[in-house]
Novice: 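Have a look at this one before I ask anything.
Counting convention: from 1, in listed order, for ligands and their atoms alike.
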Amino acid sequence: MNGSFIARLCAAISMMLVVCASAVAEEAEYVIRFSHVVAPNTPKGRAADLFAKLVNERLAGKVRVEVYPNSELYDDDTILPTLLLNSNEHFAVMAAPSLSKFLQFSEMLQVFDLPFLFRNVEDVHKVTESPLVEEIIAPLEEKGFKALAFWDNGMKEFSVKADKPLRVVPDDFQGKRFRIQNSNVHAAMIEDLGGMPERLPFRVVYMSLNKGIVDGQENAWSNIYSQKFHTVQHWITVSDHSYLGYLVVVSNPFWKGLPEDIRGQLEAMLREATLANQQYAAEEAISDRKKIEEQAGGAKIVELTAEERAQWKQATQEVEKRFAGEIGPELLQRIHSLLDH
Ligand code: LMR
């Protein structure tokens, strides 16, 4: 046996030990796959990563959270049914789809899609941090979901590829197609503004804008920036017309089956991630707008005058009336009094 053979053998053994050690470290009794559709450097992506980091450090060997961003695992259309089907006692899929994507499971959640109801994210928090929230999420629990936390992205802005920005309604929307999420409220809003809605999953939005399949879209600043929508659009109108936020959900049977102490610790870590998410969202709404503003050759940003904004509001005021029956007139009334308008 020569020296170099012994050295190679030792190296191989120590490599095996490292591999074995990391396999042991990664073993866990419960595994949660957190699937989402946005980039890691967004308020949702960062909060999901933080939650995974906290869990993997504090509950090592008991619970492991793996994060799959950018629709790598499941996309908008498949995530919610899959989450229910694929979970068992020791394995669960967790997700934070936008509130608009729960239509199939809750008509009440459509309230968060209404245009010009929430003036800003603080208005939304008045609802999500009120006792009303228990009523809003109750139908989801009956359908097999455990609703764990509301996460923010921010207010949405419109963008378009056109000769001029979207200012005058309906003229500037006419003849143009706008990508929307799978939301009946969004479809009604686009029609009332004068445009044509096109429901498309998030993962194909950049391609659809780039190829001219749609002329425009509406989204929060961090999604516009991280998906580079501004590089294939000419104008962004600061419309702040509605809110983009998420509900973190997991299978209810999985959640209920967890030992109580583990469930309590996971809830506490989700609260930490939720606070961080709110901070990331507030920061990125400013910083991502600024990055777009500073990027030469990208979309130009225009502000609406108070008069133009009032016209947009008036053009879409029937949307709420049309959906009041599905959302619940009483819930709407209580939200209006909570928001004082
Ligand atoms: C969208 O589809 O535009 C958003 O819901 C994507 C997301 O999750 O932020």
Novice: Going by the order shown, which atoms of ligand 1 are within less than 4.0 Å of some heavy atom of Lys44?
Specialist: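 Here the atoms of ligand 1 in question are 7 (C), 8 (O).
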Novice: Would you please test Phe173 and Trp312 for ring-ring contact (aromatic ring centres under 6.0 Å, His included) and show each step?
Specialist: CA-CA 11 Å; Phe173 280 80; Trp312 286 49; 5.3 Å; yes
Novice: How many angstroms lie between atom NE2 of His241 and atom CZ of Phe158, to the nearest 0.5 angstrom?
Specialist: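 Between His241 NE2 and Phe158 CZ, I get 4.0 Å after rounding to 0.5 Å.
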Novice: With side chains defined as the heavy atoms from C-beta onward, is the minimum distance between Lys62 and Ile262 less than 4.5 Å?
Specialist: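 Sidechains of Ile262 and Lys62: in contact.
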Novice: Looking at Asp76 and Lys101, is any side-chain nitrogen of the basic one under 4.0 Å from a carboxylate oxygen of the acidic one?
Specialist: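 A salt bridge links Lys101 with Asp76.
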Novice: Evaluating non-hydrogen atoms only, which member of Lys101, Arg199, His36 is closest to atom 5 (O) of ligand 1?
Specialist: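 Looking at heavy atoms only, Lys101 sits closest to atom 5 (O) of ligand 1.
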Novice: What is the closest protein heavy atom to atom 3 (O) of ligand 1, and at what distance does it sit?
Specialist: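 For atom 3 (O) of ligand 1, the nearest protein heavy atom comes out as Arg179 NH1, 2.7 Å.
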Novice: Give the atom numbers and elements of ligand 1 that come within less than 4.0 Å of a heavy atom of Leu244.
Specialist: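 It comes down to these atoms of ligand 1: 5 (O), 9 (O).
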Novice: Would you check whether Asn153 has a nitrogen or oxygen atom less than 3.5 angstrom from a nitrogen or oxygen atom of ligand 1?
Specialist: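 For ligand 1, there is no N or O atom that lies under 3.5 Å from one belonging to Asn153.
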Novice: Pull out every atom of ligand 1 sitting under 4.0 Å from any heavy atom of Ser98, numbered as shown with elements.
Specialist: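 Those atoms are 5 (O).
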Novice: Is atom CG of Asp163 surrounded by more than 12 heavy atoms (other residues, nucleotides or ligands) closer than 6.0 Å?
Specialist: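 Result for CG/Asp163: open.
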Novice: Indicate yes or no for a side-chain donor-acceptor contact from Glu308 to the backbone of Arg167 under 3.5 Å, with no hydrogens or angles considered.
Specialist: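 A pair under 3.5 Å: no.
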Novice: If I apply the N/O under 3.5 Å rule, does Asp76 come out as touching ligand 1?
Specialist: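 Not met; the criterion fails.
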Novice: Give the residue and atom name of whichever protein heavy atom lies nearest to atom 9 (O) of ligand 1, and the separation in Å to one decimal.
Specialist: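 Closest protein heavy atom to atom 9 (O) of ligand 1: Tyr246 OH, 2.5 Å.
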Novice: Report the part of Val205 (side chain from C-beta onward, or backbone N, CA, C, O) that has a heavy atom under 4.0 Å from ligand 1; answer both or neither where that applies.
Specialist: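 The answer is neither.
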Novice: Working to the nearest 0.5 Å, report the span between CZ of Arg203 and CG of Asp75.
Specialist: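 Going from the CZ atom of Arg203 to the CG atom of Asp75 covers 4.0 Å.
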